[in-house]
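Quick notes on the structure that follows.
Numbering of ligands and ligand atoms starts at 1, following listing order. Count residues from 1 along the sequence.
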Amino acid sequence: MLRHLIDIHDLSVEEIAALLRLGEDIIAKPGDYQDSAARKKLATLFFEPSTRTRLSFEAAMLDLGGSILGVASGDSSSAAKGESVADTIRTVQCYADIIAMRHPKEGAPLVAAKHATVPFINAGDGTRLHPTQTLTDLLTLHREFGQLHGLTIGLCGDLKFGRTAHSLIAGMARYPGVHFVLISPKELTVPDYVIDLINRHGATHEECRKMDGVIPKLDALYMTRVQRERFFNEADYVRLKDSFILTPEKLRRAKTDMIVMHPLPRVNEISVAVDDNPRARYFDQVRYGKFIRMALILYLLGKDIKE
Ligand code: NCD
């Protein structure tokens, strides 16, 4: 059956558990998977800037023995001539077996999936969703804590526009006993639909404007950058951009096994002095991102992962 990934909730909790298991297995035995997608092609269509997401998708497909083709910016494809998402997808699927697309418009992945006759993956749409970053984050948390339930996750920074934060909340809210600590300036709080989602799944949350007092209760602190490209005016961005800067001093009161995560790119929100701190996990996330995308590609191409 043809499957797409637009929203992390397109995958059941059981499917996510199976993908995490497969990701772990690929990390342990990468050689076993080097031909698993031989003769298959992945198209990456990135109509918004990206380093990690696009390259990790491409590295994932190459490490599975497949090949890649794609566009790395809107300017270099017919999107710049006004081609619709639907027509782009109809075209690209003549050449590729699976497609990953990043698009500035919320909802573009839904249009794409409606027209897709090959598996379609949302690699980030506007301010809304980024399910493959969430899979990366879930793998990171799972490797660290051995489970996902019962964790207290602090999310800090631009919780209004940051799609990685919205997606991670959606991904984690389904696990029992999860508590979110939402740390942001008043102007950058999470949208109401995200709060509704937390409540609907029976997770709990609190909101605050400062990180210092809440750090001791966190199992993970997920820092995010202020999303400059989503602001209507530059003055607001400049006023808010340095609202939070994580330093080693701030981490002194954290639990001993607390971890610091970030989807990257980082701008100023984590001081480089934190990079050597044993809690820093953001470059591990980058690494795990390739392995979980390998697992996802295999699953969407039809691998039975429940074995
Ligand atoms: C993020 C994104 O594009 O949403 N980056 C990523 O995919 N790892 C985060 C960001 O741009 O702030």
Practice task
Using distance alone, with no hydrogens and no angle criterion, decide if R54 and T44 have a side-chain donor and acceptor under 3.5 Å apart.
Solution key: no
Handout entry: Check: E15 main-chain N/O paired with S12 side-chain donor or acceptor under 3.5 Å
Key = yes
Completion exercise
Residues with a heavy atom under 4.0 Å from ligand 1, by chain and number, are T53, R102, H130, Q133, R163, T164, R225, Q227, P263, L264, P265
Practice task
Hey, could you give me each pair passing side-chain hydrogen bond (donor to acceptor under 3.5 Å, both in side chains) that has a residue in residues 262-274? Not counting sequence neighbours.
Solution key: D242-N268, H262-E269, R266-D275
Handout entry: Sequence neighbours excluded - side-chain hydrogen bond (donor to acceptor under 3.5 Å, both in side chains) pairs with any residue from residues 156-174
Key = E48-R163
Handout entry: Y193 six-ring face occupied by R128 cation (under 6.0 Å, within 45°)
Key = yes
Exercise for the section: Not counting sequence neighbours, list each pair that qualifies as a side-chain hydrogen bond (donor to acceptor under 3.5 Å, both in side chains) and has a residue in residues 90-103. Expected result: T53-R102, D87-R90, R90-H115, Q93-T117, R102-H130
